[in-house]
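Letters A, B, ... mirror the listed sequences (proteins, then strands); counts begin at 1.
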Protein chains: 2
Amino acid sequence: MEENFTTKWISQLKKGTLSFLVLSILKDEKEYYGYDLINEIKKKTSIDIAEGTLYPLMNRLKKEDLVASQWVEQESGIPRKYYKITPLGLATVTEMKNYWDNLNATINLI
Amino acid sequence: MEENFTTKWISQLKKGTLSFLVLSILKDEKEYYGYDLINEIKKKTSIDIAEGTLYPLMNRLKKEDLVASQWVEQESGIPRKYYKITPLGLATVTEMKNYWDNLNATINLI
DNA sequence: ACCAAATACATTGTTATACAATGTATTTGG
DNA sequence: CCAAATACATTGTATAACAATGTATTTGGT
């Protein structure tokens with residue numbers, strides 16, 4: 001392996017930030033499908049999300065009723081599962097943002 | 001239990017932030033002991049760290065050579081294990097801070 | 001026409017970490 | 001005198017990222 005501490009740290013940091021990141025993107029009420037989200041996040045943040053991370057994450061968010069999903073057949077190609085944020089998801093991402101901003105302010109003070 | 005998503009999320013977020021927080025506090029080159037760090041962090045950030053979280057965390061940081069420790073006998077009371085950041089710890093916390101600032105900026109853009 | 005890469009979903013096993021619970025021992029305060 | 005605080009530590013449980021693997025379709029280059 002021989003991974004340095006920072007690399008492992010980034011993986012741990014994702015355990016809190018990925019759900020926040022995904023909900024933040026869905027906050028604009030547009031619909032995204034899973035594969036799309038991986039690419040959107042990579043483009044916007046340079047953060048790589050493994051497929052084995054994102055798909056279970058979306059299932060958790062759905063189970064918690066923070067997002068809703070629907071299958072959409074494509075004229076050509078594989079059907080996509082589109083996700084949309086719910087009212088509970090919107091409320092939650094607002095709470096998260098408050099906590100995050102507070103944490104960030106504290107870290108900058110230390 | 002009946003914990004809401006945000007509560008669970010905060011616990012997950014700590015998996016990335018606690019090591020960063022501890023190293024940030026130790027960055028000023030002063031020495032702190034474990035029990036002290038728990039209280040310092042609670043005072044400064046309102047974040048509660050369980051003892052069962054902090055002591056293993058400090059052991060990990062030591063194993064990675066990011067901090068050094070020494071036992072200090074007290075004239076009265078239980079001996080304390082004091083921690084001090086190492087040069088590698090300083091370099092690491094700088095890397096972490098860069099990553100964090102970048103992540104924060106990105107989140108604010110989304 | 002062929003085949004590798006990209007698209008799009010998913011599951012399994014491994015690893016890391018927060019935390020509650022529990023344990024030991026000493027000291028302080030009411 | 002005894003509960004709370006101080007100060008360390010370990011064990012078991014739950015959660016989540018990720019590599020690896022799997023299925024199936026479509027696109028692009030030669």
Side-chain angles (χ1 to χ4, degrees), chain A residues 1-23 31-43 45 47-64 66 69-83, chain B residues 1-23 31-42 47-64 66 69-83:
Chain A
M1 281 301 120
E2 191 60 79
E3 285 184 355
N4 70 20
F5 188 84
T6 307
T7 306
K8 283 184 291 179
W9 172 69
I10 289 172
S11 175
Q12 292 302 318
L13 187 59
K14 286 183 184 175
K15 293 191 184 178
T17 47
L18 286 193
S19 53
F20 179 36
L21 212 51
V22 166
L23 288 176
E31 298 193 11
Y32 295 84
Y33 57 97
Y35 196 83
D36 194 26
L37 278 168
I38 291 173
N39 292 120
E40 275 293 305
I41 288 172
K42 180 157 189 178
K43 209 174 64 184
T45 71
I47 293 173
D48 265 305
I49 306 182
E51 295 184 55
T53 298
L54 187 85
Y55 294 118
L57 168 60
M58 298 315 292
N59 286 335
R60 291 198 303 272
L61 295 180
K62 187 176 181 187
K63 207 170 118 197
E64 297 282 345
L66 305 181
S69 71
Q70 60 171 355
W71 281 103
V72 177
E73 307 280 331
Q74 303 303 115
E75 291 131 52
S76 125
I78 301 166
R80 297 167 178 171
K81 198 188 268 184
Y82 275 86
Y83 293 97
Chain B
M1 277 303 118
E2 193 57 83
E3 287 184 354
N4 70 18
F5 187 84
T6 307
T7 306
K8 284 184 290 178
W9 172 69
I10 289 171
S11 175
Q12 292 302 319
L13 187 60
K14 286 183 185 175
K15 292 189 185 180
T17 48
L18 286 194
S19 53
F20 178 36
L21 213 49
V22 166
L23 288 175
E31 298 193 12
Y32 295 84
Y33 57 98
Y35 195 84
D36 193 26
L37 278 168
I38 292 173
N39 292 120
E40 275 292 305
I41 288 172
K42 180 157 189 178
I47 294 172
D48 264 305
I49 306 181
E51 296 185 54
T53 299
L54 187 85
Y55 294 118
L57 167 60
M58 298 316 292
N59 287 335
R60 291 198 303 273
L61 295 180
K62 186 174 180 188
K63 207 168 117 197
E64 298 281 347
L66 306 180
S69 71
Q70 61 171 356
W71 281 102
V72 177
E73 306 281 330
Q74 301 306 112
E75 289 132 54
S76 124
I78 301 166
R80 297 166 177 171
K81 198 190 267 184
Y82 276 88
Y83 292 96

Listed nucleotide nearest any side-chain atom of Q12(A), set dC18(D), dA18(C), dT17(C): dT17(C)
I'd like to know if E51(A) reaches the base of dC18(D) with its side chain, counting only an N/O donor and acceptor under 3.5 Å. no
Would you sort out whether K8(A) and E64(B) count as a side-chain contact (heavy atoms from CB on, under 4.5 Å), showing the intermediate values? CA-CA 12 Å; K8(A) 283 184 291 179; E64(B) 298 281 347; 2.9 Å; yes
Can you tell me the pairing partner of dA16(D) across any strand shown, Watson-Crick or G-U wobble, with both distances under 3.5 angstrom? dT15(C)
Nearest-Å distance, OH (Y82(B)) to C1' (dT6(D))? 12 Å
Take atom CE of M58(B) and atom P of dA7(D), then tell me their distance rounded to the nearest Å. 15 Å
Indicate whether OP1 or OP2 belonging to dA18(C) is found under 4.0 Å from a side-chain N or O atom of K15(A). no
Could you check whether K14(B) gets within reach of a base, just the sugar-phosphate, or nothing at all, counting any heavy atom under 4.0 Å? sugar-phosphate
Y35(A) side chain N/O closer than 4.0 Å to the phosphate oxygens (OP1, OP2) of dT7(C)? yes
dT11(C) phosphate, OP1 or OP2, under 4.0 Å from Y55(A) side-chain N/O: no
Measure from the side chain of I78(B), starting at C-beta and using heavy atoms only, and say which of dT6(D), dT10(D), dC18(D) lies closest. dT6(D)
Rounded to whole Å, please give me the gap between CH2 in W71(A) and C1' in dA8(C). 8 Å
For residues E31(B) and V72(B), determine if any side-chain heavy atom of one lies less than 4.5 Å from a side-chain heavy atom of the other. no
Between dC8(D), dC9(C), dC18(D), which nucleotide gets closest to the side-chain atoms of A50(A)? dC18(D)
Find out whether Y35(B) and Y55(B) are in side-chain contact, i.e. whether some heavy atom of one side chain is under 4.5 Å from a heavy atom of the other. yes
Take the protein atom CG of N59(B) and the nucleotide atom P of dA7(D), then report the distance between them rounded to whole Å. 18 Å
Under 4.0 Å between a side-chain N/O of K8(A) and OP1 or OP2 of dT17(C), yes or no? no
Is there a donor-acceptor pair under 3.5 Å between the side chain of K14(A) and the backbone N or O of D48(A)? yes
Between dC18(D) atom P and D48(A) atom CG, what is the distance in whole Å? 9 Å
Nearest-nucleotide 5' precedence on DNA chain D, L57(A) against E75(A): L57(A)
Taking CD1 from I41(A) and P from dC18(D), how many angstroms apart are they, rounded to a whole number? 11 Å
When you look at T53(B) and I38(B), which way does the side-chain contact (heavy atoms from CB on, under 4.5 Å) test go after all the steps? CA-CA 10 Å; T53(B) 299; I38(B) 292 173; over 6 Å; no
Look at all strands and tell whether W9(A) reaches a base, only sugar-phosphate, or nothing, counting heavy atoms closer than 4.0 Å. nothing
Please give, in whole Å, the distance from dA20(C) C1' to I49(B) CD1? 16 Å
Length of the line joining Q74(A):CD and dC9(C):C1', which is rounded to integer Å: 13 Å
Evaluate the criterion side-chain contact (heavy atoms from CB on, under 4.5 Å) for residue pair R80(A) and D36(A); output intermediate values, then yes/no. CA-CA 10 Å; R80(A) 297 167 178 171; D36(A) 194 26; over 6 Å; no
Distance, nearest 0.5 Å, that separates CE of M58(B) from CG of L66(B): 9.5 Å
Among the nucleotides dA8(C), dT11(C), dA16(C), which one has an atom lying closest to any side-chain atom of P56(A)? dT11(C)
Closest nucleotide among dA18(C), dA16(D), dA10(C) to the Y83(A) side chain: dA10(C)
Heavy atoms only, 4.0 Å cut-off, all strands: where does G52(A) land among base, sugar-phosphate and nothing? base
Closest to the side chain of S11(B), out of dC8(D), dA18(C), dA8(C), is dA18(C)
Picking from dC9(C), dA18(C), dC8(D), which would you name as closest to the side chain of L18(B)? dA18(C)
On DNA chain D, check which nucleotide each of T53(B) and Y33(B) is closest to and give me the residue with the more 5' one. Y33(B)
Residue R80(B), side-chain atoms from C-beta onward, closest of dC9(C), dC8(D), dA18(C): dC8(D)
My understanding is that a pair needs two contacts under 3.5 Å, Watson-Crick or G-U wobble. By that rule, which nucleotide pairs with dT24(C)? dA7(D)
Does dT30(D) pair with anything, Watson-Crick or G-U wobble, both distances under 3.5 Å, and if so, with which nucleotide? dA1(C)
Verify the contact: side-chain N or O of R60(A) to OP1 or OP2 of dA16(D), cut-off strictly under 4.0 Å; return yes or no. yes
Where each residue is assigned the nucleotide of DNA chain C containing its nearest heavy atom, which of G34(A) and G16(B) is assigned the position nearer the 5′ end? G34(A)
